[in-house]
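In listed order, ligands and their atoms are each counted from 1.
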Amino acid sequence: MRIPTPTRLMPEDARPSSHERENIKNFAPDALRERLGREGLPKYRADQIVGWLYARGVEDWDEMTDLAAPLRVRLAELFDTRALDLGEVQHSVDGTIKGTLRTRDGAVLEAVLIPEEGRMTLCVSTQVGCPLACSFCATGAMGFTRNLSTAEILDQVCRMREALPEGRSITNIVFMGMGEPLLNLPNVVSAVKTLQHPKAFGMAPRRVTVSTSGIVPRIAELVEQVPVNLAVSLHAATDEVRDILVPINKKFPLDELLGALKALPRLSRRHPVFFEYTLMEGVNDSEEDARQLVKRLEGIPSKVNLIPMNPHDDAPYQPPSAEVASRFMGILVKAGLVCTLRRSRGSDIDAACGQLALRERRASS
Ligand code: SAH
Ligand code: SF4
């Protein structure tokens, strides 16, 4: 990163190193106003700063030309503006783009751009690794390193914007990369506030989706704090099977999880819960599984996304045949559930669901 001009005027030893400075992206716009106020700086400048950082993508204090020079000097002393560096960018044959990103302390994470008709979705990570160890997920097999900061979550958007194809922009964000978002709730909420703030990224509420494996007490907390789509990784309709696939189910079993979802305010057919159900051959893909799923989801406005398992070396599961998958879907559709079945994208570059960080981990182990 280029050192902003004002700090060049300072003697070498007085220049704060980037490690010492707070990252300004850790503050959602309202929190930034307060932070500036505590520093004796004009609070109303927060919106301008946010506009430069996110709407215009400018991270060099010196380029924020409508801020007075002394203010820029002070801001540069106090705040770093970047949290991640973009490393390798891989392009899948299906148009998916995976970026490898490095934190200041050398951790590696990944974010994936998924182009679709009329939209460009970015899948972001919330943790380095994940502590929940779902038995089919490569991220889970990595173990857990740490939570990402708000700045590190937002910088995935800032850096991946640089990898966009010409003329495209990010229209949707899904928190479905590495990690369990609800185990990093304050940072996720703060990042969502910046994504949705009109002066920052200005994303409409329903263009942001947060996926959870079912940390029950945090679900209501999330939806009370920010208006997002909620996705729940279900993967099984019985505790017996879900205990094996999603071990957090032993702590928060299906009755509790689905009961908590039923109690959420503002759910409707227009604003359903998105259930993810990864189909695994011989594990959760029988007709009986489908019927049990229908029964379980009664009374919850739902949309079910069926995803055939993306196989990898860290899990003993395979996707079912196309025939079995469409039979499963047929049962859901016949029962009136809104349902999609699609292969996840980018598997040739290890960018598909549950494959993130697999290659980096292998390379370093
Ligand atoms: N931790 C959160 C969000 C990240 S995982 C969660 O579990 O919801 C994003 C989605 O990918 C989840 O539904 C997860 O269960 C699914 N997934 C993980 N590994 C997969 C694999 N190998 N094949 C298909 N889907 C997988
Ligand atoms: Fe973690 Fe989600 Fe993977 Fe489970 S599926 S190990 S919760 S990232």
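- Under the 3.5 Å distance criterion, the side-chain polar atoms of R242 are matched with a main-chain donor or acceptor of L234.
- Close approach to G177 involves these atoms of ligand 1, each under 4.0 Å from a residue heavy atom: 4 (C).
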*Give the C-alpha distance, both sets of side-chain angles, the deciding distance and a yes or no for ring pair (Phe, Tyr, Trp, His ring centres under 6.0 Å) between H235 and F136.*
CA-CA 10 Å; H235 309 311; F136 56 97; 4.8 Å; yes

*Pair R72-E77, salt bridge (Lys or Arg N to Asp or Glu O under 4.0 Å): steps then yes or no*: CA-CA 9 Å; R72 279 184 266 152; E77 283 169 359; over 6 Å; no

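- For ligand 2, the atoms sitting less than 4.0 Å from at least one non-hydrogen atom of A133 are 6 (S), numbered in the order shown with element in parentheses.
- Between Y54 and F201, the angle of the ring planes lies from 30° to 60°, which puts this pair in the tilted group.
- By the 4.0 Å heavy-atom criterion, S233 is excluded from the residues contacting ligand 2.
- Formation of a donor-acceptor pair under 3.5 Å by the S302 side chain with backbone atoms of V304 is not found in this model.
- Contacts between E276 and ligand 1, counted as non-hydrogen atom pairs separated by less than 4.0 Å, involve the side chain only.
- The atoms of ligand 1 that sit less than 4.0 Å from any heavy atom of F136 are 15 (O), 17 (N), 18 (C), 19 (N), 20 (C), 21 (C), 22 (N), 26 (C).
- Panel note: side chain E39, backbone L41; no donor-acceptor pair is recorded below 3.5 Å.
- Contact annotation for S213 and ligand 2: only side-chain heavy atoms (C-beta onward) come within less than 4.0 Å of the ligand.
- Atom CD of E34 and atom CZ of R38 lie 7.5 Å apart (nearest 0.5 Å).
- Listed by number with element, the atoms of ligand 1 under 4.0 Å from a non-hydrogen atom of T278 are 23 (N), 24 (C), 25 (N), 26 (C).
- Residue M178 places no heavy atom under 4.0 Å from ligand 1.
- In this structure, N23 contributes its side chain and R82 its backbone to a donor-acceptor pair below 3.5 Å.
- Within the set P311, P319, A138, S211, the minimum heavy-atom distance to atom 2 (C) of ligand 1 is found for S211.
- Which parts of ligand 1 touch S213 is read off a 4.0 Å heavy-atom cut-off, strictly below it: atoms 6 (C), 7 (O), 8 (O).
- At least one N, O or S atom of C137, from either the backbone or the side chain, sits less than 2.8 Å from atom 3 (Fe) of ligand 2.
- Against a heavy-atom cut-off of under 4.0 Å, G179 is close to the following atoms of ligand 2: 8 (S).
- The nearest non-hydrogen atom to atom 14 (C) of ligand 1, considering only H235, M176, Q127, comes from H235.
- At least one N, O or S atom of C130, from either the backbone or the side chain, sits less than 2.8 Å from atom 1 (Fe) of ligand 2.
- The part of T212 lying near ligand 1 is the backbone, judged by heavy-atom distances below 4.0 Å.
- Taking a cutoff of 4.0 Å between a charged side-chain nitrogen and a carboxylate oxygen, D47 and R33 do not qualify as a salt bridge.
- Not a single heavy atom of C123 lies less than 4.0 angstrom from ligand 1.
- A donor-acceptor pair under 3.5 Å is absent between the side-chain atoms of R327 and the main chain of S286, judged by distance alone.
- Every atom of ligand 1 with a heavy atom of H312 under 4.0 Å away is listed here by number and element: 22 (N).
- Between G179 and ligand 1, a contact under 3.5 Å exists for at least one N or O pair.
- Separating the CE atom in M329 from the NZ atom in K334 is a distance of 14.5 Å, to the nearest 0.5 Å.
- Below 4.0 Å from some heavy atom of G140 lie the following atoms of ligand 2, by number and element: 6 (S).
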